[in-house]
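These figures come from a predicted structure and were not determined experimentally. When a ligand or atom number is given, it counts from 1 through the structure's own listing order.
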Amino acid sequence: MADNTNLTTSQRNILKFDPKDHEIALSTEDLHVFYGKTEGISEGDLQFERYKISALIGPSGSGKSTYLRSLNRMNDRIATVKGKIMYRGLDINSNDIDVYEMRRHIGMVFQRPNPFAKSIYENIAFALRQRGMNKKQDLDEIVERSLRQAAMWDQVKDDLNKSALALSGGQQQRLCIARAIAIKPDILLLDEPASALDPVSTSQIEDTLLELKQNYTIIIVTHNMQQASRISDYTAFFNLGKVLEYAETGDIFTNPKVDLTNDYISGNFG
Ligand SMILES: Nc1ncnc2c1ncn2[C@@H]1O[C@H](COP(=O)(O)OP(=O)(O)O)[C@@H](O)[C@H]1O
Ligand SMILES: [Mg+2]
C-alpha cells in the first residue's frame, strides 16, 4: 500500500472549483490548527460550493471536527488557528472580526442534541430576542418557519410550551437545527449530527438536510459513509490532519484516486 500521507497537496486529488461555474461560499487557505505543540490540522484546504452539501469523512482523530470547528471560530479558546478562512471576501479568521456577528452567518449544530432547558418555543425565540427581536408576531412567524424547515412543525405545533427536554433525541436534534436556522445563517456546519440517533431519526435528519440545501450551504462531518454517499455532493477524506482527497461524492466512493481513501471506504481501517 502506498503511503499517500507524504504526498504534497498538488499530488493529491483535491478538487478546485472554477469560479466561472461555481460559487464558493467558504474556503480555507493554508489552515493550520495547533493544540499546544500538537498539530490537529496540518493541511486541510478546501473550497465549499454554495447550496451544496459537502461531507468530511475520515478515521477518528483525523481532524474533521478540528477543521469544522475552525470554520466559525469555535476553536478560538482551545487551539491556535493559523491561515485564512475566506467568507464573502473577508478573512473571518482575522482578529478584527466580530465573531458573534460572523456566527449569525455561519451556524453550527453539534453531535449531541443540546437544546436549552426551556420550552420548544423559547429554544428558538431566545436567540432572536438576544438579537433584539421582541415583537411576538415576528417571533411566532420565525418559530413556525424554522420548525417547518426542520420538518417538525406538524409534530410539535400544539406543544410549543412543553419542555424541549421531553422531546425524543431525534426531535431534539431537529429542534437544534431549527434553532440554528432561525437566524437565517448562510452556512450550516454539522458535526456528526445523527451519530447519537436511531436509524429512523437519522433518515429524517438526512431528508431535512436535503431540503435545507436549497437555501443553505451545508458542511457535515460524518463517520457514516452511507450517510455521506446518500446526502453529499462533495466529499473530503481526512487522515492524520490532512485532506488527502476531495472530489464529487460519487467519485470518492466509486473511483477514489488515493489508496488510503480506497482502504478507508472499503472498511480496511478507521
Ligand atoms: N481539545 C483538544 N486538545 C488537544 N488535542 C485535541 C483536542 N481536540 C482534538 N485534539 C486532537 O486533534 C486531532 C484531531 O482530532 P479531531 O478533530 O477531534 O478528529 P475527528 O473529529 O476526525 O475525530 C486528534 O489527534 C485529537 O487528539
Ligand atoms: Mg470529531
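- A donor and an acceptor atom, one from each side chain of Asn161 and Ser119, are nowhere located under 3.5 Å apart.
- In the model, Asn13 has a side-chain atom that pairs as donor or acceptor with a side-chain atom of Glu245 under 3.5 Å.
- Put simply, the residue from Arg179, Lys162, Arg129 that forms a salt bridge (Lys or Arg N to Asp or Glu O under 4.0 Å) with Glu122 is Arg129.
- Expressed to the nearest 0.5 Å, how far CD1 of Ile14 lies from CD of Gln47 amounts to 10.5 Å.
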Show the short N or O contacts, below 3.5 Å, that ligand 1 makes with protein N or O atoms; if there are none, say 'none'.
{"residue": "ligand 1", "atom": "8 (N)", "partner": "Tyr35", "partner atom": "OH", "Å": "3.3"}
{"residue": "ligand 1", "atom": "17 (O)", "partner": "Thr66", "partner atom": "N", "Å": "2.8"}
{"residue": "ligand 1", "atom": "17 (O)", "partner": "Thr66", "partner atom": "OG1", "Å": "2.5"}
{"residue": "ligand 1", "atom": "19 (O)", "partner": "Gly63", "partner atom": "N", "Å": "3.1"}
{"residue": "ligand 1", "atom": "21 (O)", "partner": "Ser65", "partner atom": "N", "Å": "2.9"}
{"residue": "ligand 1", "atom": "21 (O)", "partner": "Ser65", "partner atom": "OG", "Å": "2.8"}
{"residue": "ligand 1", "atom": "22 (O)", "partner": "Ser62", "partner atom": "N", "Å": "3.2"}
{"residue": "ligand 1", "atom": "22 (O)", "partner": "Ser62", "partner atom": "OG", "Å": "3.4"}
{"residue": "ligand 1", "atom": "22 (O)", "partner": "Gly63", "partner atom": "N", "Å": "3.0"}
{"residue": "ligand 1", "atom": "22 (O)", "partner": "Lys64", "partner atom": "N", "Å": "3.0"}
{"residue": "ligand 1", "atom": "22 (O)", "partner": "Lys64", "partner atom": "NZ", "Å": "2.7"}
{"residue": "ligand 1", "atom": "23 (O)", "partner": "Gly61", "partner atom": "N", "Å": "2.7"}

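- The aromatic rings of Tyr87 and His105 sit tilted, their planes meeting at an angle between 30° and 60°.
- Looking only at atom types and distance, the side chain of Asn224 has no donor-acceptor partner in the side chain of Thr222 under 3.5 Å away.
- Looking at Ser203, its side chain never comes within 3.5 Å of a backbone N or O of Pro199 through a donor-acceptor pair.
- Neighbours of the Mg ion (ligand 2) restricted to protein N, O or S atoms under 2.8 Å: the count is 1.
- Not a single donor-acceptor pair under 3.5 Å links the side chain of Tyr234 to the backbone N or O of Ser54.
- For the salt bridge (Lys or Arg N to Asp or Glu O under 4.0 Å) criterion with Glu206, the lone passing option out of Arg174, Arg230, Lys213 is Arg230.
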